Protein chains: 2
Amino acid sequence: MSHVDHMNPIPLYTQLADILRERIKSGELPPRSLVPSESYLQQEHGVSRGTVRMAISILRDEGLVVTISGRGTFVKGRDLKGK
Amino acid sequence: MSHVDHMNPIPLYTQLADILRERIKSGELPPRSLVPSESYLQQEHGVSRGTVRMAISILRDEGLVVTISGRGTFVKGRDLKGK
DNA sequence: GAGAATTTGTACGTATGTATG
DNA sequence: ACATACATACGTACAAATTCT
C-alpha cells in the first residue's frame, strides 16, 4: 500500500498513517529524517491538508515522530532518546 | 470591484485574482510591470498573505504573470515572448 | 564587501464552514 | 449526534533571494 485508496472503506487518514508508519519501520524514513511536508503528502496522495494532519497526529501520539512548527515533522528513533 | 468583499460568498482569493486580472487586462498593470507585493496587497485588501498568494498562483497558472523569488511578480505580455 | 530591508518560499498551528454517511 | 473529508482563511516563524545603503 503505497498510496491511499479513496475506494477503500478504511478512513483515508488511517491509511496514510499506516503508509507512513511502514516507511518509518522499513527504514525508508530513518531516525532524524524529515517526513515529507503536509503540502507534499497532500499532493502525493490527493487528500486534504486536514487529512494529512490527522494521519501525522496519529504517528505523533504513537511517539514515532515529532513536529516542530515552521520546520517540519521528524522521525524519532531510540538514538534520539525520546527527543 | 476594486477591493475584495468579505461579505461576498465568492472566495476571497478568487475575488482578488479577478481584480488583479482585470487590472492587467485593462492595462493598469502593463506588460513587464511589477504587480504590487504580497505585503502591499495584503494590507490593501485586508486579507492574509496566504490568500494573496493563492490569488497570484491562479494568475500564474493562467500564464498572466511570472514570479521571481526575492524580486516580485511581473506581468507577462506578448512582447515578453512567454518569459 | 557588509548589513539592513524587502520580497518571495516553505512549513506548521488554528478556526470555521460545508457536505456526506 | 458523530466521524470523515474537503475548502477557506486567518496566524506565526523562519529561510532564501534580491536589492539597497
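Keep in mind that this is a model prediction, so the values were computed, not measured. Proteins come first, then strands; the chains are lettered A, B, ... in the order of their sequence lines, and each starts at number 1.
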Figure out the [atom1]/[atom2] separation between [X] and [N], and round it to whole Å.
| X | N | atom1 | atom2 | answer |
| --- | --- | --- | --- | --- |
| A:L34 | C:dA11 | CG | P | 8 Å |
| A:Q43 | D:dC6 | CD | C1' | 15 Å |
| A:R49 | D:dC6 | CZ | C1' | 13 Å |
| B:R53 | D:dA7 | CZ | P | 19 Å |
| B:I56 | D:dA9 | CD1 | P | 15 Å |
| A:D5 | D:dA5 | CG | C1' | 15 Å |
| A:I10 | C:dG21 | CD1 | C1' | 17 Å |
| B:H6 | C:dT16 | NE2 | P | 17 Å |

**Request:** Please work out if B:S48 contacts a base, only the sugar-phosphate, or nothing of the nucleic acid, heavy-atom cut-off 4.0 Å.
**Result:**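 The answer is base, as B:S48 lies within the cut-off (heavy atoms under 4.0 Å) of a base atom.
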**Message:** What's B:G72 touching, base or sugar-phosphate or nothing? Going by heavy atoms closer than 4.0 Å.
**Reply:**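 Contact class for B:G72: sugar-phosphate only.
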Shortest side-chain distance from [X], nucleotide among [options]:
| X | options | result |
| --- | --- | --- |
| B:L12 | C:dT8, D:dC10, D:dA5 | D:dC10 |
| B:E38 | D:dC10, C:dG9, D:dA5 | C:dG9 |
| A:T67 | C:dC12, C:dT8, D:dT4 | C:dC12 |
| B:S37 | D:dT4, D:dC10, C:dT8 | C:dT8 |

**Request:** Using a strict cut-off of less than 4.0 Å between a Lys/Arg side-chain nitrogen and an Asp/Glu carboxylate oxygen, indicate whether A:E44 and A:R23 qualify as a salt bridge.
**Result:**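 Here A:E44 pairs with A:R23 in a salt bridge, since their nearest N and O are under 4.0 Å apart.
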**Request:** Any chance you could pull the hydrophobic cluster mates of A:I68, using side-chain heavy atoms under 4.5 angstrom and chaining through other members?
**Result:**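 ILVMFWY cluster around A:I68 also holds A:L34, A:F74.
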**Request:** Considering just the side-chain nitrogens and oxygens of B:Y13, establish if one lies under 4.0 Å of OP1 or OP2 belonging to D:dA9.
**Result:**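 For D:dA9, neither OP1 nor OP2 has a side-chain N or O of B:Y13 closer than 4.0 Å.
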**Asked** Taking OP1 and OP2 of D:dC6, is either one under 4.0 Å from a side-chain nitrogen or oxygen of A:T51?
**Response**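 Result: yes.
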**Message:** Evaluate B:I56 against B:R53 for side chain to side chain contact (heavy atoms under 4.5 Å, CB included), listing each step before the verdict.
**Reply:** CA-CA 5 Å; B:I56 290 178; B:R53 284 178 64 78; 5.8 Å; no
**Asked** Which one is paired to D:dA1, where only Watson-Crick or G-U wobble pairs with both distances under 3.5 angstrom count?
**Response**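 Base-paired to nothing in any strand shown.
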Gap between atom [atom2] of [Y] and atom [atom1] of [X] - 0.5 Å precision:
| X | Y | atom1 | atom2 | result |
| --- | --- | --- | --- | --- |
| B:H3 | B:L12 | NE2 | CG | 13.0 Å |
| B:L20 | B:L64 | CG | CG | 10.0 Å |
| B:E22 | B:L29 | CD | CG | 10.5 Å |

**Message:** Looking at every non-hydrogen atom in both residues, tell me the closest pair between B:P36 and B:L41 and how far apart they are.
**Reply:**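 It is O-CD1, 3.5 Å.
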Which protein N or O atoms sit under 3.5 Å from an N or O of nucleotides 19-21 of chain D?
| residue | atom | partner | partner atom | Å |
| --- | --- | --- | --- | --- |
| D:dT19 | OP1 | B:R71 | NE | 2.9 |

